[in-house]
Asker: 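Sharing a structure below in C-alpha cells format, with a few things to ask.
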Amino acid sequence: MRNLRLPKELKLFALIALLLVMIVDSADAQRRRKKGRNSGRLEIMENLPEFFVNDNRLPDYLKMVYRRDATRLALRLIDREQRMSKQTIIVPEELVQAIYNALVAVRLSDYGAIQDITSKYYVRTFPQPNVENIILLAEHDADWLEPLKRRADTTASPSINNIIRKYNLVMTNMVYLDEERAGLVLQSREFINMAALAMKFYTEEGIGSIEETLPYGDGNDISIERTKEGWDLVYSVKFGNCVNQCQKVHRWEFSIDEGGEVSYKGDKGHTIPPWLSPTAEAKKYPDVLKN
C-alpha cells in the first residue's frame with residue numbers, strides 16, 4: 001500500500017512547492033517594480049524637517065563654514081543609498097538646507113556645551129568627502145593645456161570649458177607636479193559633489209588622472225542621523241594617534257525635533273588633554289556670533 005500512496009504524496013508535495021515558488025516570485029516581481037518606480041529617489045529626501053532657523057546672527061563667513069559642513073553631511077547620507085555613478089554633482093539643496101538648519105539650531109541654543117564645540121575646540125566636519133576642489137592631471141604636452149601655458153583663462157577643450165562654466169568653477173592655477181605631469185586646479189565657488197564631478201571629467205572627457213584634495217588619517221568631526229523625531233547630531237573631538245584612526249574621542253550629543261527644538265543629551269568619552277587646541281581655521285573663521 002505504501003508503494004501505491006507515495007506518488008500521490010509526491011504530487012501533493014510538488015504542488016505545494018510550486019505554489020510557494022509562485023508566491024515568492026510574485027513578491028519579488030512586486031519589489032522589483034516598486035524599486036523601478038523609485039529608482040534614483042533618495043529615501044533621506046522624504047519628509048525632511050521643514051523648520052526655519054534665523055541665521056542672521058552668523059557672520060557671512062560663518063554661514064559659509066556651516067553650509068560646507070551641511071554639504072559634507074548630506075553627501076555622507078547620500079553615499080549610503082547611491083553608488084557614485086548615480087549621484088549628481090549638485091547636492092540636493094533641500095537636504096543641505098535641512099541639515100544646515102539643524103546645525104544652526106544647535107549653534108544658537110544656549111547649552112553650555114556649545115562653547116566647548118565652537119570656541120574651545122572648533123569642531124567641524126572632517127574634510128571628507130571633498131566638496132571644494134579637484135586637480136585635473138595631464139602630460140605637459142596635452143593639447144587642452146596649451147592656452148593655460150600662455151596664461152589664458154581657458155583651455156583648448158570646449159567641452160571642458162563648458163563643464164567649468166556650468167558648475168561655476170574657477171581655474172585657480174596650473175601646477176607642474178614632475179617632469180611629465182601638470183595639473184589644473186579647479187576650485188568651486190559653491191560646495192558641490194567633487195567625486196561626481198571627477199567622474200564626469202573621466203567618463204565624458206577621458207581625463208584619466210584626477211586628484212582630490214583629501215586629508216590623511218582621522219580627526220575632529222560632526223555626524224548626523226535622521227530619526228523619527230528629527231535629527232541626531234554628534235560633535236566629536238578626536239586625539240591620540242590619528243594617522244589611521246584616532247584612538248581616543250570625546251563626544252557631545254544633541255537631538256533636534258521636527259519643529260527645530262534642540263535637546264542636549266550630554267557628553268561622554270575620553271578626557272580631553274589640556275594641550276589640545278583648535279585648528280588654524282579657527283583663527284581665520286572664528287565661530288563667533290554677532291552681538
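What you see is a predicted model, and the numbers here were worked out from it, not measured in a lab.
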Asker: Can you tell me if Gln87 uses its side chain to pair, donor with acceptor, with the backbone of Gln82 under 3.5 Å?
Answerer: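 Confirmed, Gln87 side chain pairs with Gln82 backbone.
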Asker: Is a salt bridge present between Arg80 and Glu225, judged by a nitrogen-to-oxygen distance below 4.0 Å?
Answerer: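 Yes.
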Asker: Just so I know, are the side chains of Val106 and Tyr111 near enough to count as touching, which here means a heavy-atom distance under 4.5 Å?
Answerer: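 No - every pair of side-chain heavy atoms lies 4.5 Å or more apart.
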Asker: Considering all heavy atoms of both residues, which atom of Arg67 and which atom of Glu93 are nearest to each other, and what is their separation?
Answerer: NH1-OE2, 3.3 Å
Asker: Take a 6.0 Å sphere around NZ of Lys149 and say whether it holds more than 12 heavy atoms from other residues, nucleotides or ligands.
Answerer: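 Counting neighbours around NZ of Lys149, more than 12 heavy atoms of other residues, nucleotides or ligands fall under 6.0 Å, so yes.
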Asker: Taking Glu43's backbone N and O only, do any of them form a donor-acceptor pair with Glu81's side chain (distance below 3.5 Å, no angle check)?
Answerer: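 Yes: the side chain of Glu81 pairs with the backbone of Glu43.
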Asker: What's the shortest heavy-atom distance between Met174 and Leu148, and which atoms?
Answerer: SD-CB, 3.9 Å
Asker: Is it the case that more than 12 heavy atoms not belonging to Tyr216 sit under 6.0 Å from its OH atom?
Answerer: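 Atom OH in Tyr216 is not crowded, with 12 or fewer foreign heavy atoms closer than 6.0 Å.
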Asker: Can you give me the closest heavy-atom contact between Pro129 and Arg76, atom names plus distance?
Answerer: CD-CG, 3.8 Å
Asker: If hydrophobic clusters are built by linking Ile, Leu, Val, Met, Phe, Trp and Tyr wherever their side-chain heavy atoms come under 4.5 Å apart, do Phe191 and Tyr285 end up in the same one?
Answerer: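 They do share one cluster, since a chain of ILVMFWY contacts under 4.5 Å joins Phe191 to Tyr285.
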Asker: Please examine the side chains of Ile207 and Tyr202, heavy atoms only from C-beta on, and report whether any two atoms are closer than 4.5 Å.
Answerer: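 Tyr202 vs Ile207: side chains apart.
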Asker: In terms of heavy-atom contacts, does CG of Asp178 have more than 12 from other residues, nucleotides or ligands at under 6.0 Å?
Answerer: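 Atom CG in Asp178 is packed in, count exceeds 12.
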Asker: Is there a side-chain contact between Asn168 and Ile192 in this structure, where contact means two heavy atoms from C-beta onward sitting under 4.5 Å apart?
Answerer: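 No, too far: nothing below the 4.5 Å cut-off.
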Asker: Checking Gln245 against Asp218: is there a side-chain donor and acceptor pair closer than 3.5 Å?
Answerer: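 On atom types as modelled, these side chains do not qualify, holding no pair under 3.5 Å.
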Asker: One pair to check against salt bridge (charged side-chain N to carboxylate O under 4.0 Å, His left out): Arg107 and Asp55. What are the steps and the verdict?
Answerer: CA-CA 10 Å; Arg107 179 62 183 92; Asp55 62 358; over 6 Å; no
Asker: Does Arg165 count as lying over the ring of Tyr167, i.e. NZ or CZ under 6.0 Å from the six-ring centre, within 45 degrees of the axis?
Answerer: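 Pair Arg165/Tyr167 does not count as cation-pi.
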Asker: Is atom CD of Gln128 surrounded by more than 12 heavy atoms (other residues, nucleotides or ligands) closer than 6.0 Å?
Answerer: yes
Asker: Closer than 4.0 angstrom, basic N to acidic O: yes or no for Arg226 and Glu258?
Answerer: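 Yes.
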Asker: Any sub-3.5 Å donor-acceptor pair from Asp116's side-chain atoms to Lys120's backbone N or O?
Answerer: no
Asker: Do Ser159 and Ser157 meet the criterion of a side-chain donor-acceptor pair at a distance under 3.5 Å?
Answerer: yes
Asker: Heavy-atom count around Lys290 NZ within 6.0 Å, excluding the residue itself: above 12?
Answerer: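 For Lys290, atom NZ is crowded (more than 12 foreign heavy atoms under 6.0 Å).
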Asker: Is the shortest heavy-atom distance from the side chain of Met45 to the side chain of Glu94 under 4.5 Å?
Answerer: yes
Asker: Apply salt bridge (charged side-chain N to carboxylate O under 4.0 Å, His left out) to the pair Lys200 and Glu205, showing each step before the final yes or no.
Answerer: CA-CA 7 Å; Lys200 185 175 183 68; Glu205 306 308 321; over 6 Å; no
Asker: Any side-chain heavy atom of Leu95 sitting closer than 4.5 Å to one from Ile78?
Answerer: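 The answer is yes, as the side chains (C-beta and beyond) meet within the 4.5 Å cut-off.
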Asker: Are Asn101 and Glu50 linked by a side-chain donor-acceptor pair shorter than 3.5 Å?
Answerer: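 No, no side-chain donor-acceptor pair sits under 3.5 Å.
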Asker: Is there a continuous path of hydrophobic side-chain contacts, each under 4.5 Å between heavy atoms, that joins Ile160 to Ile89?
Answerer: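 Both belong to a single hydrophobic cluster.
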Asker: For the residue pair Tyr264 and Phe254, does the interplanar ring angle fall in the parallel (under 30°), tilted (30 to 60°) or perpendicular (over 60°) class?
Answerer: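 Judged by the thresholds at 30° and 60°, the geometry between Tyr264 and Phe254 is tilted.
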Asker: Could you report the tightest heavy-atom contact between Asn220 and Lys238, atom names first, then the distance?
Answerer: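 Shortest heavy-atom separation between Asn220 and Lys238 comes out as OD1-N, 2.9 Å.
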Asker: I'd like to know whether CZ of Phe51 has more than 12 heavy-atom contacts from other residues, nucleotides or ligands below 6.0 angstrom.
Answerer: yes
Asker: Does atom CZ (Arg83) have a neighbourhood of more than 12 heavy atoms from anything else shown, all under 6.0 Å?
Answerer: no
Asker: Would Tyr66 and Asp287 count as having a side-chain donor-acceptor pair, cut-off 3.5 Å?
Answerer: yes
Asker: Let me check something: do Ile210 and Leu169 share a hydrophobic cluster, defined by ILVMFWY side-chain heavy atoms less than 4.5 Å apart, either directly or through other members?
Answerer: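 Looking at the clustering, Leu169 is in the same group as Ile210.
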Asker: Side chains of Asn241 and Gln247: donor-acceptor distance under 3.5 Å anywhere?
Answerer: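 No - no donor-acceptor pair under 3.5 Å links their side chains.
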Asker: Do the side chains of Arg181 and Glu139 get nearer than 4.5 Å, heavy atoms only?
Answerer: no
Asker: Do you know the tightest heavy-atom contact between Gly219 and Cys246?
Answerer: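 Smallest heavy-atom distance, with atoms named: N-SG, 3.9 Å.
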Asker: Can you check whether Asn193 reaches Val131 side chain to side chain, under 4.5 Å on heavy atoms?
Answerer: no
Asker: Could you check whether atom CG of Asn244 has more than 12 heavy atoms from other residues, nucleotides or ligands sitting under 6.0 Å from it?
Answerer: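 No, because the 6.0 Å sphere around CG of Asn244 holds 12 heavy atoms or fewer from other groups.
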Asker: Can you confirm whether Val123 sits close enough to Val237 that some side-chain heavy atom of one is under 4.5 Å from a side-chain heavy atom of the other?
Answerer: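 Side-chain contact under 4.5 Å: yes.
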Asker: Going by atom types alone, do Glu132 and Ser188 pair a side-chain donor with an acceptor below 3.5 Å?
Answerer: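 There is no such pair (donor and acceptor under 3.5 Å, judged by atom type) between the side chains of Glu132 and Ser188.
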Asker: Can you give me the closest heavy-atom contact between Asp221 and Thr125, atom names plus distance?
Answerer: OD1-CA, 3.4 Å
Asker: Would Asp232 and Ser255 count as having a side-chain donor-acceptor pair, cut-off 3.5 Å?
Answerer: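 Yes - a donor-acceptor pair under 3.5 Å links their side chains.
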Asker: Assess the residue pair Glu281 and Arg68 against the criterion (salt bridge (charged side-chain N to carboxylate O under 4.0 Å, His left out)); give the C-alpha distance rounded to whole Å, side-chain angles, the decisive distance to 0.1 Å, and a yes or no.
Answerer: CA-CA 13 Å; Glu281 187 182 78; Arg68 182 186 61 190; 3.0 Å; yes
